[in-house]
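Just the heavy atoms: all of them, side chains too, but no hydrogens, waters or symmetry mates, feed the values below.
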Amino acid sequence: MLQIKLTVPGEFTASQVDSPSRSGNKEEAMVRVRRIGVCGTDLHAFAGRQPFFTYPRVLGHELGVEVESVSPGDHGLKAGDRCAVEPYYHCGRCQPCKRGRTNCCESLQVLGVHIDGGMRERLAVPVAKLHKSATLTFDQLALVETLSIGRHAVRRSKLCGGTTVLVVGAGPIGLAVTQFAVAAGATVTVLDRNPIRAAFATRFGATGAESVGGKLFDFVFDATGSQAAMEASFERVGFGGTLVFVGLVRDRVSFDDPLFHRREMTVLASRNSAAAFPPIIADIEDGRLDTTPWITHRLALADVPAEFPHLPTDPTVIKAMIEA
């Protein structure tokens, strides 16, 4: 079975393995990986800039899969089912888990980040982490994880219609935020220094911009993973406004405290959300959520070692999809 493993920052190798790593869960399914979305997390890991990473690591946490075999049980899964994979493995025992905040689990492990992920042909997955759909394509299923980050960030901000929103960074996470902020009725501007990415935001009903001058916004979502950009985002939050950090960075982020207090800002962190998977799948199935614009590049799994290094420097890439 082909498995793509990131061995050191900036270097891939392809190796043959006998079997995928097991989850240890009694009820699990062996799945055939059909699609692997490439995330900013993967690109930062490739460059050695992603927090929480150790090497070597098999990347891949945005997955559209097909069930090949499954443990007996009343879980509603059978061979041939198409599923999105929820890549967040929580302990269920710590205080956040007991409060229902499983995304803040003290020992959270994410496929492709803390443990080996899905950039391979087959993978063993706990059945509880599989979300099936009878109608969605593998492409759409692989997009659910990215969309869940955006949905969670918008819901966490409590934004409503009639407000102004600035999304800083028009990568996949920023565009996921954009899609849900527009759906909530906000007037959305997407800021990105890359004119291609800024223009792409119009496909989601937003205004793309390479600069916003001194304009202030009710809500600012920073999805850059850049210390300088995150610090600059404080300057763009209006009085009584909210700043949401959706991207993360290894460095400390500082801000002007008098400005922070004078505008009485609310600052939030936002990460993953397992709870978002079922409603996102339902929204795509019912046509309320359009995934048509998303995928701009495709590559085969076997071609990843040769082609992956070029993705971070290609200004036209919005979402690359690996076909396994």
Practice prompt. Find out whether Phe245 and Leu268 are in side-chain contact, i.e. whether some heavy atom of one side chain is under 4.5 Å from a heavy atom of the other.
Written response: no
Worksheet item: Any donor-acceptor pair under 3.5 Å linking the side chain of Arg32 with the backbone of Val65?
Response: no
Worksheet item: Any donor and acceptor pair, going by atom type alone, linking the side chain of Lys132 with main-chain N or O of Leu77 inside 3.5 Å?
Response: no
Practice prompt. Just do the side-chain hydrogen bond (donor to acceptor under 3.5 Å, both in side chains) check on Glu27 and His75 with the steps written out, would you?
Written response: CA-CA 9 Å; Glu27 283 196 349; His75 40 60; 5.2 Å; no
Discussion item. Can you see whether Phe138 has Arg35 sitting over its ring - NZ or CZ less than 6.0 Å from the centre and within 45° of the normal?
Written reply: no
Discussion item. As a quick check of understanding, evaluate side-chain contact (heavy atoms from CB on, under 4.5 Å) for Glu285 and Ser133, giving each step before the final call.
Written reply: CA-CA 8 Å; Glu285 288 176 336; Ser133 172; 2.6 Å; yes
Discussion item. Using ring centroids (six-membered ring only for Trp), state whether Phe217 and Phe219 fall under 6.0 Å.
Written reply: no
Discussion item. As a quick check of understanding, evaluate side-chain hydrogen bond (donor to acceptor under 3.5 Å, both in side chains) for Thr54 and His114, giving each step before the final call.
Written reply: CA-CA 7 Å; Thr54 57; His114 309 94; over 6 Å; no
Item to complete: Measure the shortest side-chain to side-chain distance between Met321 and Val38 over non-hydrogen atoms and say whether it is less than 4.5 angstrom.
Response: no
Discussion item. Before we go on, tell me: are the rings of Phe200 and Trp294 under 6.0 Å apart, centre to centre?
Written reply: no
Worksheet item: Step by step, would you call Leu299 with Glu323 a side-chain contact (heavy atoms from CB on, under 4.5 Å)?
Response: CA-CA 6 Å; Leu299 59 158; Glu323 299 181 353; over 6 Å; no
Practice prompt. Mind running salt bridge (charged side-chain N to carboxylate O under 4.0 Å, His left out) on Glu62 and Lys319 for me, showing each step along the way?
Written response: CA-CA 11 Å; Glu62 301 177 4; Lys319 170 61 70 175; 2.7 Å; yes
Discussion item. Using 30° and 60° as the class boundaries, would you call the ring planes of Phe255 and Phe260 parallel, tilted or perpendicular?
Written reply: tilted
Practice prompt. Test Asp218 against Thr163 for side-chain hydrogen bond (donor to acceptor under 3.5 Å, both in side chains), laying out the working first.
Written response: CA-CA 6 Å; Asp218 299 321; Thr163 55; 4.9 Å; no
Worksheet item: Would Thr137 and Asp139 satisfy side-chain hydrogen bond (donor to acceptor under 3.5 Å, both in side chains), going step by step from the backbone distance to the final call?
Response: CA-CA 5 Å; Thr137 66; Asp139 284 346; 5.0 Å; no
